[in-house]
Each structure stands twice: as C-alpha cells, then as structure tokens.
Amino acid sequence: METKLNIMPVYNLSGNKKRPVIISGPCSAENESQVLATAKAIAKIDPSIIFRAGIWKPRIRPNSFEGAGAEGLGWLQKVKKETGMKITTEVANARHVEECLKHGIDILWIGARTTMSPFAVQEIADALKGIDIPVMIKNPVSPDLQLWIGAIERIRQAGINNIVAIHRGFYTFGKSPFRNDPDWEIAVELKLMFPTLPVFCDPSHICGNTELIPYISQKALDMEMDGLMIETHILPESAKSDAKQQLTPLQLEELLSKLVVREPVSQNRKFIDRLAELRLNINKIDDEILRLLMSRMKTAREIGRYKKENNVTILQAARWEELLKDRISSGQMMGLSEDLVKRFYRIIHEESVHMQSEIMNS
Ligand code: PEP
Ligand code: MN
C-alpha cells in the first residue's frame, strides 16, 4: 500500500537551510533554572539549534517523574524570548496540543509510545485540523513501518504540511548494545517510499548511553538523514529522566564540531568519472552473478527431477549442513563474513527446496 503524501521539505524548521537540522535540549523540563541554563549554553553553540524539552513525560512505571506539565511551557516561552531559539515539545493528546498552541510552541512531536496507538494519533490529528504547525513523528516502539506510515498519514490528512519522521530505534527483547535497535532498513524503506519526507535521527534514544552517540550521529548523516535530535542537560547526572544518555552542552559542542556532513553528490570531475567506472564494474559483476544464479537454479531443478525419478527426499539435512560449512570456510578465505555467506546461502537453499518440492508435486 503506497499513498503519495505531498510532504514538504522542512529545512526552514530552524530558519535556515543548514543540514543537518539540530534539535537539542533536556529529556524533561524539570525546573525553570535547569531549562534556561541548558538553553543558554546550547544557544551559545549555535542559536539555530531548535530547543527541545519534554513537558509531559510518558513513563513506563508510575511514581516516576512525569514532567512539569503546563507550567513548564512558560519556561520554554522564556527560552524562545531570551535566546531566539525555536522550541519544541512532545504531545500525546488533544489537551497537550491546545496548551502548546496557547504557549507559542513552534514545533510539536509525537513520541514513540503515542505513534503505537492510532486512537491517540487520530485525537492529535483532530486537534490539529486547520492549524499550520510542523509536526515530527517518531517511529513506534515496535519495528512496524506500517504503523509509522499510518501516523504520518493521519497527521497529513489533518492538513499539516510540514512533517518530519524521527528514527529513534526499536525495542528488541534480548541483547543489544543499544537501548533501541537502530534497524536502519526500516528508516531507509520509509525514505524510499516517501522521497520528500525529511527523516531525522534521535541517537540519544537509540543509544541509551553517551558513548555510542557520536557513532550513531555520524552514521545517520551518512545514511542521508536530514537532522539529529540529541538530548542535552546542564547537569546530566542529576537528570530526572534518561540521565545516562544526556550530553553536557560541552559534549554537544564537541560532537557537532566533529560531525562530517557529506554531500549526496559531488561536482568534482575526477570523482564523477571514477564513480561511473566503478558502477560500470558493478553492473558487469551483477550480470555475472545473475547468470551464475540462473545456472545454479537450473542444476538444482535437474537434481529435483532426478530425486523424483529415484524416490528420494528433497531436504537432505546432512548435505545442506556440509555444504554450508564448506561455503562459509571458502568465503572466509576470500574475506567474506560468516554472516553474509550464511544469509546468502539460506536464501538460495530456500528457493532450491521450494523449486524441488514443486517438481515433486507436479
Ligand atoms: C523523548 O524524546 O524524551 C522521548 C520520550 O522519546 P521516545 O518517544 O522516542 O521514547
Ligand atoms: Mn528522553
């Protein structure tokens, strides 16, 4: 199902065409002095940074800090007035939207837990009808692209033109160095489906700690993401939410100064010629791969027919295990990873088994 959403680029979010758009600020607005001290330190780095702070915090367990509530919106207004930065916060229901509009919030975002719920997203969409405000939509907690697209469509259908998707990683049960697995393929798929939809990345919620943030931020830019949302706190160790993943303003400054912004294309003649040459090579190699694949499948079909004639089963576990072991070791000698060879042969084997079972049943 593909809907053509007419989504406008949003580089004007921060008042200029700089890429990437940077959004930064604390996980939560805790009190006025924490908000203002953090905002002033960020504005000193670059006043075109958009200031974020959670006002209503979705917490997994009750009795944790659930945000300052509407009072905190006044602190954000003060940030806007004193630093000139644009301000953004998370909304999860119609009342949040109304409060934000009353307090001059420039950009809204929908959090991962809200994107999970079509009822909640629709309620927000209804509250936004006839209003022109940019909305950023985080991916749902689970790796479900359709749910993400559905939320984007609901907001678009409410008449919102300026929409941004934010990739903040996906929950996985089990071991991962990340708090939320990046699963880049889902974000790339979204970009391919909606080429004009800007996609930002939220390295803070992907990583869950500060160490991995530079790596994920650079990777996001290398994947042509248009912006980064990074949590920064004036005193991270005292933060009331997400203390482990927030940067100090100094760390933010260092991170931004080290990011390499690569261009999707280069005008350099030498680069263009060499790239064309390499791509030609890739085309030839792919042609060879396809020919070999065709020839392999033809042989597998022949084996299938031969097995049928001789009343022999299709799946021969011992042969498959032996083959895979052999290919992995050959691949390793050629510098190919075990994982790649395994995944590659699994696909081929699956297709061969499928083909042979069709022959058996024909
Ligand atoms: C946040 O931005 O602080 C937040 C709660 O994020 P997410 O919805 O991605 O968990
Ligand atoms: Mn947070």
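The figures that follow rest on heavy atoms only: side chains count, while hydrogens, waters and symmetry mates do not. Whatever order the structure lists ligands and atoms in, that order sets their numbers, starting from 1.
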Next on the checklist: Are Q218 and R262 packed together at the side-chain level, in the sense that at least one heavy-atom pair is separated by less than 4.5 angstrom?
Outcome noted: yes

Checklist entry - Which is it for M229 and ligand 1 at heavy atoms under 4.0 Å: side chain, backbone, both or neither? => result neither

Checklist entry - Quick one: nearest non-hydrogen protein atom to atom 4 (C) of ligand 1, plus distance? => result H205 NE2, 3.4 Å

Item to check | ligand 1 atoms in contact with W109 (distance to a heavy atom under 4.0 Å) | outcome: 2 (O)

Checklist outcome for this item: Here the pair of heavy atoms bringing Q245 nearest to G208 is OE1-CA, 3.3 Å

Next on the checklist: Could you tell me, atom by atom, which parts of ligand 1 come under 4.0 Å of a heavy atom of C27?
Outcome noted: 3 (O)

Checklist outcome for this item: Among N, O or S atoms, E231 approaches the Mn ion (ligand 2) most closely through OE2

Checklist entry - Under the side-chain hydrogen bond (donor to acceptor under 3.5 Å, both in side chains) criterion, do S142 and D144 qualify, and how do the steps go? => result CA-CA 6 Å; S142 60; D144 186 338; 5.0 Å; no

Item to check | Any donor-acceptor N or O pair under 3.5 Å, side chains D242, Q246 | outcome: no

Next on the checklist: I'd like to know if the side chain of D202 reaches the main chain of H167, judged simply by a donor and an acceptor atom lying under 3.5 Å from each other, with no hydrogens or angles considered.
Outcome noted: no

Next on the checklist: Pairs of nitrogen or oxygen atoms closer than 3.5 Å, one from K138 and one from ligand 1: do any exist?
Outcome noted: yes

Checklist outcome for this item: re atom 2 (O) of ligand 1, the protein heavy-atom contact at minimum distance is R52 NH1, 2.7 Å

Checklist entry - Got a salt bridge between R305 and E302, using NZ or NE/NH1/NH2 to carboxylate O under 4.0 Å? => result no

Checklist entry - R179 and N209: side-chain hydrogen bond (donor to acceptor under 3.5 Å, both in side chains), yes or no, with the steps? => result CA-CA 8 Å; R179 177 179 175 193; N209 63 53; over 6 Å; no

Checklist entry - Just wondering, do K258 and P214 contact through their side chains at under 4.5 Å, heavy atoms? => result no

Item to check | For atom 9 (O) of ligand 1, the protein heavy atom that lies nearest, with its residue and separation | outcome: R168 NE, 2.7 Å

Checklist entry - Any idea which atoms of ligand 1 are less than 4.0 Å away from a heavy-atom of R113? => result 7 (P), 8 (O), 10 (O)

Checklist outcome for this item: Closest to the Mn ion (ligand 2), among the N/O/S atoms of D242, is atom OD2

Checklist entry - Judging by distance only, is a nitrogen or oxygen of A112 under 3.5 angstrom from one on ligand 1? => result yes

Checklist entry - Taking the non-hydrogen atoms of G54, is any one of them nearer than 4.0 angstrom to ligand 1? => result no

Checklist entry - Does R113 offer a backbone N or O that forms a donor-acceptor pair with the side chain of K138 under 3.5 Å? => result no

Checklist entry - Hey, what do you get for CD (E224) to CG (L221), rounding to the nearest 0.5 Å? => result 10.5 Å

Next on the checklist: With heavy-atom distances below 4.0 Å as the criterion, list the atoms of ligand 1 near G111.
Outcome noted: 8 (O)

Next on the checklist: If you round to 10 degrees, what value do you get for the angle at the Mn ion (ligand 2) between H205 atom NE2 and C27 atom SG?
Outcome noted: 170°

Next on the checklist: I want to know if ligand 1 touches K57 in the polar sense, i.e. an N/O pair below 3.5 angstrom.
Outcome noted: yes

